[in-house]
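Everything numeric here is computed off the predicted structure, so don't read it as measured data. Whatever order the structure lists them in is the order used to number ligands and atoms, beginning at 1. FYI, side chains are in, hydrogens and waters are out, and symmetry mates aren't considered; it's all heavy atoms of this structure.
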Amino acid sequence: IQAKYHWQSQNVKQSGVDDMVLLSKITEDAIVDNLKKRYMDDYIFTYIGPVLISVNPFKQMPYFTDREIELYQGAAQYENPPHIYALTDNMYRNMMIDGENQCVIISGESGAGKTVAAKYIMGYISKVSGGGSKVQHVKEIILQSNPLLEAFGNAKTVRNNNSSRFGKYFEIQFSRGGEPDGGKISNFLLEKSRVVSQNENERNFHIYYQLIEGASAQQREALGIMTPDYYYYLNQSGTYKVDGTNDSKDFQETMEAMQVIGIPGDIQTQVLQIVAGILHLGNISFIEAGNYGQVESTDLLAFPAYLLGIDPNRLQDKLTSRKMDSKWGGKSESINVTLNQEQANYTRDALAKALYARLFDYLVESINKAIQKPHEEFSIGVLDIYGFEIFQRNGFEQFCINFVNEKLQQIFIELTLKAEQEEYVQEGIKWTPIEYFNNKIVCDLIENKLNPPGIMSVLDDVCATMHAKGEGADGTLLQKLQAAVGTHEHFNSWNSGFVIHHYAGKVRCRMISTFPVLIKVTNDLVNTLMKCTPHYIRCIKPNETKRPKDWEESRVRHQVEYLGLRENIRVRRAGFAYRRLFSKFLMRYAILTAETWPCWRGPEQQGVLHLLRSVNMDNDQYQMGRTKVFVKNPESLFLLEEMRERKFDTFARIIQKAWRKFIARKKYEQMREEASDILYNSKERRKNSINRNFVGDYLGLEQRPELRQFLAKRERVDFADSVNKFDRRFKSIKRDLILTPKGIYLIGREKVKKGPEKGQIKEVLKRKMEFGSISSVSLSTRQDDFFILHEAQYDSLLESNFKTEFLSLLSKRYEEVTKRKLTISFGDRLEFRVKKEGWGGGGTRIVVFQKGPGDLAQLKPGGKTLSVTIGDGLPKSSKPTRKSFPPSYAHQNGGAKFPRGPHNPQADITYSSPQKQGRPLQGGPPKLGSQRGPRPPAPNQYNQRNLDFLNVPDQGMSGKQRKRSITQRPPPAPKPQPRPQGPRCRALYQYVGQDTDEISFEVNDVFDLVKEDASGWWTGRIGGKEGLFPGNYVEKI
Ligand SMILES: Nc1ncnc2c1ncn2[C@@H]1O[C@H](COP(=O)(O)OP(=O)(O)O)[C@@H](O)[C@H]1O
Ligand SMILES: [Mg+2]
């Protein structure tokens, strides 16, 4: 089978369909198949219209480099393969163009890749947006907030080695000019219970292990750091290490992040004291003494009290008694009630959790303080909330998280399925409705205030009356729940809890008797999200093994089903890909026609029609609503977008090119002057060399793999040219001379003597010189082009037209690498040492320079001396003149016009790699540690090795309803619109694009001529890529 390639980008293999709107059959099978095909071909991203599906690859993909950042910048969605950068770029541009705040909701199960996605978004924004030092500072804090919050808010769970145990809404705020100059993090639902206990194969928050592994000797002493098994809060799960995580290194990173964020040194110490204090607090245990709880060993009080800065006796009182206010006939009185052992344990844990939660809030607050700005302008919000999870034991926190996820699914449905269809009705558009499973019913079950009251309401009620007394509460609660929602389709109760049929599956919740308030947090979040233009990334987790290329079909199918991808595609396809208010449409495409630019005079609807007709859009491709225009297929829209981009591009690129030219010119003028300085007063100059433009790479190495093979993969080329090299008998031979930051290469050609390629001429690396071994360079004082590279072993006598440029670049690199100045000497009698070959080789040769006729050097070899005669050149004191650049854009093809800009280091996105192969099942109590205090972990009734909860969840009622709601009759697939035919041209010469905004072509290639331009840089489209090229390389046909 012949591989298909992406129609827009060269060399991108086509795998399945990029946008599942284009699937020929819309079934769950087809969707899963398409995702699988792409996943196996290493394409993790796929679209459904504007929604991005991302399947966790569990390995680093190669397409997150600067190259992609450049590629996706300002490109339309359909131009490149699906990518999170495309979505991010789109948000950024929408924000700037429409002046609307944007947000992206990243959803998916735990370990599906949400947090990694969020980091890619931040990285992209940071790269593409400009900004001065203030903005750079904000960017750095935004990026550094990740390691800090992950240290304190992430933990290893069975599903994800770096699972976020808190929800986060991160707003990046922008100036009117699009620079990120501020930000705000809202955190919610930190999983506090993890501070005091963890399930089997899980850990506490990373910071604990980081501190234990990474602390200095002095810190160990001050904070009482022992091995992790010493601490009750760490030894219950028996898991201390995470594959692929270096806790000690991460600790340094965490401290570094605190530094960058501006947390002062003494506060940093306090932060660590609280962390350690909590650990020591956990080791305080209680015994039952006559119905009262008593501290088992009072010795253990002193250290945590010291670390937390409180009196040990007060700590003891607080842990074993409680103050209660009671009212007696209008008089209120406060009494101390002594606690029993269980209550004392509970109080200790409550204190630990509260301390940790406040510490976490403090850190978030510090970040916010460092990046807040006085008034908000534009923003892009990223919601990364920890995903829907089903554990063996689903406590109240889990219940809350799943509820928030349920709400997010509801928003998604509201905005993409429900609102979409309702809008058609409102606008009077002809439309056949499509059914879908609406999870509002589950949200109502949980959050309804009245008629019938939802679960939360019942919980609130019970809590208010029970005062969290313990035992009886659970029973009462269950009874009340049964009475209130017992008949609800999505609810069942069982002996010690209840089951909710979430959109993603059935979850059993255990009852615990204390409940914070949650609904408000959720609703605030929903309100924030509703205020901005939403975007969606739906992450899919393909397996539970965390291994690349492992595809567990049933798991993916389950996610595809409950995410409602099929309904999503169908609504999208049957509907209109695009809709816009008449006024916004007019504004966006005003540039397309003279009548609409700068603004349309007349009724808006007429203006819109005028624009649609100007691009010859088919009548069946759009409908006019009451206030909006609806465009059916993305392809039709692309037509408009493309025309618009072209108009903008041409203008923008002209400005951009002019600017680059200006910058480049300045840079080269400076280089030339520097180069000239090297020879100033030492050597006569050639007439045509003094004002030469420096090009750098005269060989065009980008396109010469046979030469590039000798260089490292991304090795930068400073200079490359073909030179003459002279041997011991002064015979000259061609060599390719390449200068890179690593040294000097001399490449020659030889006939292959043996093997299958016998007789062919092949490139051979004849010599590589490191800067460290070069001692000096010598030249004559006359205008000739000779120079000698003096090296530790032997010297090379070379001749190059571009010696001045080479020397200047060489001396710069030389100084950079060796921290010494390159010695350059001048004289008319030069000596060079030849290579020792066998015996008889070696020795030295002399080159003598004399005055003679003409500007060309005459060579006369004689024994061990070469004499070079040449006429007088320009005086040694000649300097380049400034206005030497030719008026038209000097261009030399086959080689770079200008060397590339400085190499950008790769995007700094890090995450721990998934290493775990399979799940370790070992259990058993940890060995008891050091001197005193440690207790064996409490027997955990849930610690049975039952991993059933990792199975694909039962879909319950939600699944049934989903199946019920799926109607037949898929609408026909949209036909792509033909592209417009315009003027074309044929290439007279080969041209190799030198920049990302240029195109390349071969002699006789025929392609679309999009625009001619007086600057000489025309715009063309070839192989789906549009870009600039020199107009005089083609003829118009
Ligand atoms: N795009 C990606 N490329 C490579 N690995 C990834 C990618 N997304 C996720 N992973 C791997 O999966 C793990 C879990 O991802 P994470 O974003 O933490 O999940 P979530 O936040 O959804 O729980 C990461 O630690 C990483 O090893
Ligand atoms: Mg996460």
Side-chain angles (χ1 to χ4, degrees), residues 38-39 42-46 52-65 68 81-88 104-124 145-147 149-170 185 187-191 194 202-203 205-206 242-246 250 382-391 398 401-402 404-405 408 504 536-550 555 559 563 906-907 909-917 950:
R38 293 175 63 75
Y39 183 73
D42 280 346
Y43 290 107
I44 64 168
F45 298 120
T46 307
L52 180 71
I53 318 286
S54 167
V55 186
N56 188 345
F58 288 109
K59 65 172 178 179
Q60 179 64 59
M61 288 301 173
Y63 37 76
F64 293 96
T65 67
E68 281 75 24
H83 203 293
I84 192 163
Y85 289 165
L87 179 134
T88 312
V104 53
I105 299 172
I106 311 177
S107 58
E109 303 185 349
S110 178
K114 298 181 295 296
T115 302
V116 171
K119 284 192 251 184
Y120 277 131
I121 292 173
M122 290 186 207
Y124 183 84
S145 69
N146 282 323
L149 293 185
E150 290 195 2
F152 285 85
N154 285 26
K156 176 201 162 28
T157 69
V158 279
R159 295 174 196 277
N160 182 352
N161 287 343
N162 182 31
S163 180
S164 328
R165 309 315 294 168
F166 66 107
K168 162 170 89 168
Y169 185 63
F170 201 132
I185 302 175
N187 65 305
F188 35 89
L189 292 175
L190 178 73
E191 190 192 37
R194 184 168 297 272
E202 304 205 345
R203 296 205 309 184
F205 292 99
H206 295 324
V242 179
D243 288 349
T245 300
N246 181 340
D250 291 351
V382 182
L383 182 71
D384 170 19
I385 183 163
Y386 56 132
F388 191 88
E389 282 179 303
I390 303 175
F391 285 108
Q398 210 54 55
I401 288 145
N402 290 341
V404 175
N405 280 289
L408 290 178
Y536 300 93
I537 301 176
R538 319 223 84 194
C539 296
I540 288 185
K541 190 180 190 187
N543 61 58
E544 279 295 337
T545 60
K546 308 188 184 94
R547 276 200 295 250
K549 298 245 166 157
D550 181 6
R555 226 170 259 289
Q559 293 169 70
L563 289 174
Q906 282 220 0
I909 298 165
T910 55
Y911 38 82
S912 57
S913 51
Q915 305 288 340
K916 193 132 246 166
Q917 313 269 313
L950 284 172

Based purely on interatomic distance, does G113 place a nitrogen or oxygen under 3.5 Å from a nitrogen or oxygen of ligand 1? yes

### Query
At a 4.0 Å cut-off, with the gap strictly under it, does some heavy atom of C539 reach an atom of ligand 1?
no

Listed as residue and atom, the protein N/O/S atoms under 2.8 Å from the Mg ion (ligand 2) are T115 OG1, S164 OG

* Relative to each other, are the rings of F64 and F45 parallel, tilted or perpendicular (30° and 60° limits)? -> perpendicular

message: Can a side-chain donor-acceptor contact be found between S110 and N160 if the only test is distance below 3.5 angstrom?
response: no

Check your understanding: In terms of side-chain geometry, is the basic nitrogen of R194 or E202 positioned less than 4.0 Å from the acidic oxygen of its partner?
Key -> yes

Nearest heavy atom to atom 19 (O) of ligand 1, choosing from N160, T115, I106, T245, belongs to N160

Taking every heavy atom of I44 against every heavy atom of P57, the minimum-distance pair comes out as CG2-CB, 3.6 Å

Check your understanding: Does the distance from a Lys or Arg side-chain N to an Asp or Glu carboxylate O, for K119 and E150, drop under 4.0 Å?
Key -> yes

Honestly, for E109 the part within reach of ligand 1 (heavy atoms, under 4.0 Å) is backbone

Lys/Arg-Asp/Glu bridge criterion (N-O < 4.0 Å) met for R555, E544
yes

Do any N/O atoms on M61 end up under 3.5 angstrom from N/O atoms on ligand 1? no

Under 4.0 Å from one or more heavy atoms of N162, ligand 1 contributes atoms 18 (O)

Would you say N543's side chain and R547's backbone share a donor-acceptor pair under 3.5 angstrom?
yes

**Study point:** Contact check, A112 vs ligand 1, heavy-atom distance below 4.0 Å
**Key:** yes

S110 heavy atoms within 4.0 Å reach ligand 1 at atoms 23 (O)

- Take the angle between the ring planes of Y63 and H83 and call it parallel below 30°, perpendicular above 60°, tilted in between. perpendicular

query = For Q60 and ligand 1, does the shortest N/O to N/O distance drop below 3.5 Å?
reply = no

query: Under a heavy-atom criterion of less than 4.0 Å, does G111 contact ligand 1?
result: yes

Open item on the list: Quick check: do K541 and R159 have side-chain heavy atoms less than 4.5 Å from each other?
Closed with: yes

* Within-4.5 Å side-chain heavy-atom neighbours: S54 and I540 -> no

Tightest non-hydrogen contact, residues T157 and S163, listed as CG2-CB, 3.6 Å

Between I121 and the options V116, D384, I106, the side chain to side chain contact (heavy atoms under 4.5 Å, CB included) test singles out I106

Restricting to heavy atoms, the pick from K114, K59, R159 nearest atom 4 (C) of ligand 1 would be K59

Worksheet item: Under 3.5 Å between some N or O of ligand 1 and some N or O of F64?
Response: no

